[in-house]
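What follows is one structure encoded as structure tokens, with my remarks underneath.
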Amino acid sequence: MKKSLRMFLTLALLMCLAGCGAPRAPQEAEEGLLLGFAQIGSESSWRIGNTKSIQDAAERHGIRLMMADANQKQENEIRALRSFIAYRVDVLAFVPIVEEGWENVLREAKAAGIPVILSDRMISGEIDESLYDVYVGADFLEEGKKAGSYLLRKREELGAGRLRIAEISGTPDSTPALERAAGFRSVIREDARFEIIDSMSGDFLRSKGKECMQQMLARHGRDIDVLYSHNDGMTLGAIEAIEEAGLVPGRDIVIITVDGEQAAVDLLREGKINCVVECTPMLGETVMELAEKLKAGETVPRILHPEETMFTEYDSLEAIAPRGY
Ligand code: AHR
């Protein structure tokens, strides 16, 4: 079958099978590396920035990109990956929405001889490591530890008694939710005054972040000293709820967030957020470099973490460059 016809049919198949946003058509040239990338959706500004970073980098590298949007459903992602395998892409990349459930499709990729890049999120450590080539993304455990270390620094200002923490976590069973929670706890356990009095999943969505905060305020009233939220989107929703309850974010409730979107950095400058742990979505360049190396049969590292930082109320904030997401 002519390659262009095959590509058209595959795209049609992807749209039918994935039951999700139409995959972006590969760029026009039929020569060169073909990368199948399954994205989980567009739940946050962070995610939108991540998708753009992948698309822009593919264009810079002249890599043909087949991109599927799984609309937050693992089954859509798996269907998209199977379609990419059927189309015989050169390299597969995907963002595992949760850690479990990838083994079968990864075995199919391995049987087809297609190298695999895990982008942004990891899969379960239980899985046979030969089923993927490289993970590129944040060290989420470290992010949680940074959030905890900020709180240790803040504690003297918070008084001598119990320090009650409310947590809004990300998508259950996803690497960032699991590890941001674990890293944070590993640090705050140093001080017995810290107590996580409530923890709810806001699925990384602004709307759910607001709902979680409303429910926690209804349960605990003014007895929340600290909010630890696993992403900026949920934090922005939570801040709306806090203000609607007549409280002052950043003062009545200390706010710690993760991502570093422009909106969060702006609120840090206004004093409504106290600490922003950076998680960069700008992974596109590294993903494309890895795809080229894998196609060329070169060895690549198993894990690549981008450099990330943290911005807090104790830092000078003028110098923070525009975030780009
Ligand atoms: O996997 C990274 C997380 O996913 C980001 O923190 C969040 O904003 C996104 O939805």
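Counting convention: from 1, in listed order, for ligands and their atoms alike. No hydrogens, no waters, no symmetry mates; every other heavy atom, side chains included, goes into these values.
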Using a 4.0 Å cut-off to any heavy atom of [X], which atoms of ligand 1 qualify?
{"X": "Arg180", "result": "6 (O)"}
{"X": "Arg121", "result": "1 (O), 3 (C), 4 (O), 9 (C), 10 (O)"}
{"X": "Phe204", "result": "7 (C), 10 (O)"}
{"X": "Pro176", "result": "1 (O)"}

Exercise for the section: Decide, yes or no, whether a salt bridge links Asp191 with Arg155 under the criterion of side-chain N to carboxylate O below 4.0 Å. Expected result: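 Salt bridge present between Asp191 and Arg155.
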Handout entry: Lys/Arg N to Asp/Glu carboxylate O, Arg121 vs Glu99, below 4.0 Å
Key = no
Exercise for the section: Please determine if His230 has a nitrogen or oxygen closer than 3.5 Å to a nitrogen or oxygen of ligand 1. Expected result: no
Handout entry: Any N/O pair Trp46/ligand 1 closer than 3.5 Å
Key = no
Heavy-atom nearest neighbour in the protein, as seen from [atom], with distance rounded to 0.1 Å:
{"atom": "atom 2 (C) of ligand 1", "answer": "Asp120 OD1, 3.4 Å"}
{"atom": "atom 9 (C) of ligand 1", "answer": "Glu43 OE2, 3.3 Å"}
{"atom": "atom 6 (O) of ligand 1", "answer": "Asp259 OD1, 2.6 Å"}

Practice task
Using the six-membered ring of Tyr132, assess whether NZ or CZ of Arg302 lies under 6.0 Å from its centre and within 45 degrees of the ring axis.
Solution key: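 Yes, Arg302 and Tyr132 form such a contact.
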Handout entry: Arg47 NZ/CZ over Phe204 ring centroid, <6.0 Å and within 45° of normal
Key =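 Not satisfied by the 6.0 Å and 45° rule.
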Exercise for the section: Go through Tyr87 and Met66 one step at a time and tell me if the side chain to side chain contact (heavy atoms under 4.5 Å, CB included) criterion holds. Expected result: CA-CA 10 Å; Tyr87 191 72; Met66 293 176 82; 3.8 Å; yes
Practice task
Quickly, which of Phe194, Tyr228, Tyr150 forms a ring-ring contact (aromatic ring centres under 6.0 Å, His included) with Phe184? Name it, please.
Solution key: Tyr228
Handout entry: Modelled atom types, side-chain donor and acceptor of Thr280 and Glu308, under 3.5 Å
Key = no
Practice task
Please determine, by modelled atom types, if Asn104 and Glu108 share a side-chain donor-acceptor pair under 3.5 angstrom.
Solution key: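 No donor-acceptor contact under 3.5 Å links the two side chains.
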Exercise for the section: With heavy atoms under 4.0 Å as the rule, classify the contact between Gln72 and ligand 1 as side chain, backbone, both or neither. Expected result: neither
Exercise for the section: Please verify whether a non-hydrogen atom of Met234 lies at under 4.0 Å from ligand 1. Expected result: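 Contact absent.
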